[in-house]
Amino acid sequence: MTAATSPRLALVLGGGALKGFAHIGALRALAEQGIQPSVYAGSSIGALVAAAAAGGMDVHTMAERAIALRRKDLFRINHMGMLMDRMQSRSIYLEAPLRALCDHVVPEGTFAELRTPLLVTSVDIEQGMEVVWGTPGLRDVSVRDAVYASCALPGFFPPGMVNGRPCIDGGTTDNLPVSIASLGVDAVIAIDVGIGDVPAAAGIAQQGFASVYMRAATLMMHALQSRVLERWQGPPMLLVRPRVSHISWFGFQHTAELLQLGYDAMREALGDFDKVLGARGGIFPRRRVSISVNRDACVGCGQCVAQAPHLMAIDASGKAFATTPNLEWSPADGSFVRQCPTGAITVRSRERQLTPPSALAQVGVG
């Protein structure tokens, strides 16, 4: 497959609250290269940006609206609900501001009326199941309703009704919906905004319940997403991870930086795009790395072996070692490195040593 054959491409945009503004910068980089997706898919804020793109909004307009957005435009405390209903209140924040944002950005009409196919994930909170709006049989529903529901972070915003179903944030079960988006396409471009990279968060246990909840949600989504990517058997995928882990989920003051980080990450990743188009499968970009274990630090807990049995083992003295110390891996590989409780595992590129955790993203440690 070559670029000249006009392959069918799925663009998948992951959730990540305001970190999702990085998606807009990534879209700008794709537009500059003339890369046009055949299908868009998204979860949470990724669904919001994907819907805007599928509806024909240009990236300049998206960027302007993102920069203009202020906290008061999205977060308004549900004072009456929390006062009157207390623990029975459906949410901390009011529904209306998020609804207004969706109406302002997302096209009117149904999925069936869009010129470019769009897939939006949500979770039916009563049935306990993922629902992907825009798939066959689920196209004659309001795009705006589906996007609101996909953005309705549990506890923060009320669930949204979509075709009679009470639905919540799609990131609850599928924050980067690559599997459903990969059906019938030749390649996937997936943008993960901050779920693949989960650095340490000192002092988080002493912060408010919202911070603890968001930290727990991030860890949960990271674990679910890692399992999907580590077992990837679909078409070739370009996995793009803008370096946004230092920015908070709701940092309104970082919009311009996020736009630039998304643009830079996509520009860098597109250097491997021809390899993606020429591959039969796998996740790109791929980088040559080496793995070593500090035997003095290793306590032999076996956690690395449990998570990466194809790569790690325990020797006769009870210490972990890499069965294949020199290899190539993608951004989806290496999540087990972060899970070592003593930090005994070191990853190096063939050119330079990487210092965990932040630099691990350079060679794709998930």
Side-chain angles (χ1 to χ4, degrees), residues 173-176 178-179 190 192 194-205 212 215-234 236-239 241 243 245-246 272 275-276 279-366:
T173 59
D174 195 358
N175 197 60
L176 190 68
V178 289
S179 296
D192 171 19
I195 300 302
D197 184 18
V198 187
I204 190 72
V212 174
R215 178 67 172 177
T218 301
L219 295 172
M220 175 191 69
M221 290 186 284
H222 171 78
L224 292 172
Q225 182 174 294
S226 294
R227 290 191 183 99
V228 172
L229 295 175
E230 288 169 358
R231 295 165 174 77
W232 183 249
Q233 297 295 319
M237 179 195 305
L238 185 68
L239 180 56
R241 282 180 166 159
R243 298 185 180 105
S245 61
H246 63 290
D272 287 78
K275 295 178 183 178
V276 175
R280 293 186 177 181
I283 298 178
F284 297 81
R286 305 193 68 81
R287 300 289 183 260
R288 294 186 300 166
V289 301
S290 63
I291 304 172
S292 61
V293 178
N294 182 336
R295 293 179 60 82
D296 292 333
C298 177
V299 295
C301 67
Q303 194 159 327
C304 59
V305 180
Q307 296 193 26
H310 61 291
L311 187 58
M312 303 298 292
I314 300 291
D315 64 19
S317 63
K319 301 292 185 178
F321 70 98
T323 57
T324 308
N326 298 312
L327 70 161
E328 286 191 350
W329 67 15
S330 76
D333 298 316
S335 61
F336 69 92
V337 175
R338 298 184 185 279
Q339 304 305 317
C340 177
T342 61
I345 304 173
T346 298
V347 180
R348 295 180 177 87
S349 75
R350 299 295 177 85
E351 292 79 26
R352 62 190 183 280
Q353 180 172 339
L354 299 174
T355 303
S358 61
L360 290 173
Q362 297 176 21
V363 290
V365 175

Those residues that, when tested against Ser292, pass side chain to side chain donor-acceptor pair (under 3.5 Å) (two or more places apart)
Arg348

Considering all heavy atoms, the nearest Ala313-Thr323 contact
CB-CG2, 3.8 Å

Can you name the residues that form a side chain to side chain contact (heavy atoms under 4.5 Å, CB included) with Ala306, not counting sequence neighbours?
none

Derivation of the side-chain contact (heavy atoms from CB on, under 4.5 Å) call for Leu176 and Val228
CA-CA 9 Å; Leu176 190 68; Val228 172; over 6 Å; no

Partners passing side chain to side chain contact (heavy atoms under 4.5 Å, CB included) against Arg227 (at least two apart in sequence or in another chain)
Ala223, Leu224, Arg231

Candidate pair Leu239 and Trp232, rule side-chain contact (heavy atoms from CB on, under 4.5 Å), full reasoning:
CA-CA 12 Å; Leu239 180 56; Trp232 183 249; over 6 Å; no

Applying side chain to side chain donor-acceptor pair (under 3.5 Å), which residue pairs with at least one partner in residues 300-314 are found, sequence neighbours left out?
none

Those residues at least two apart in sequence (or on a different chain) that pass side chain to side chain donor-acceptor pair (under 3.5 Å) with Asp192 are Gln225, Arg241

So Ser290 and Val347, do their side chains get closer than 4.5 Å, heavy atoms only?
no

Ion pair present between Arg287 and Asp333, side-chain N to carboxylate O less than 4.0 angstrom?
no

Using the side chain to side chain donor-acceptor pair (under 3.5 Å) criterion, which residues pair with Asp315? Sequence neighbours excluded.
Arg295, Ser317

Stepwise side-chain contact (heavy atoms from CB on, under 4.5 Å) check, Val289 with Leu327:
CA-CA 6 Å; Val289 301; Leu327 70 161; 4.0 Å; yes

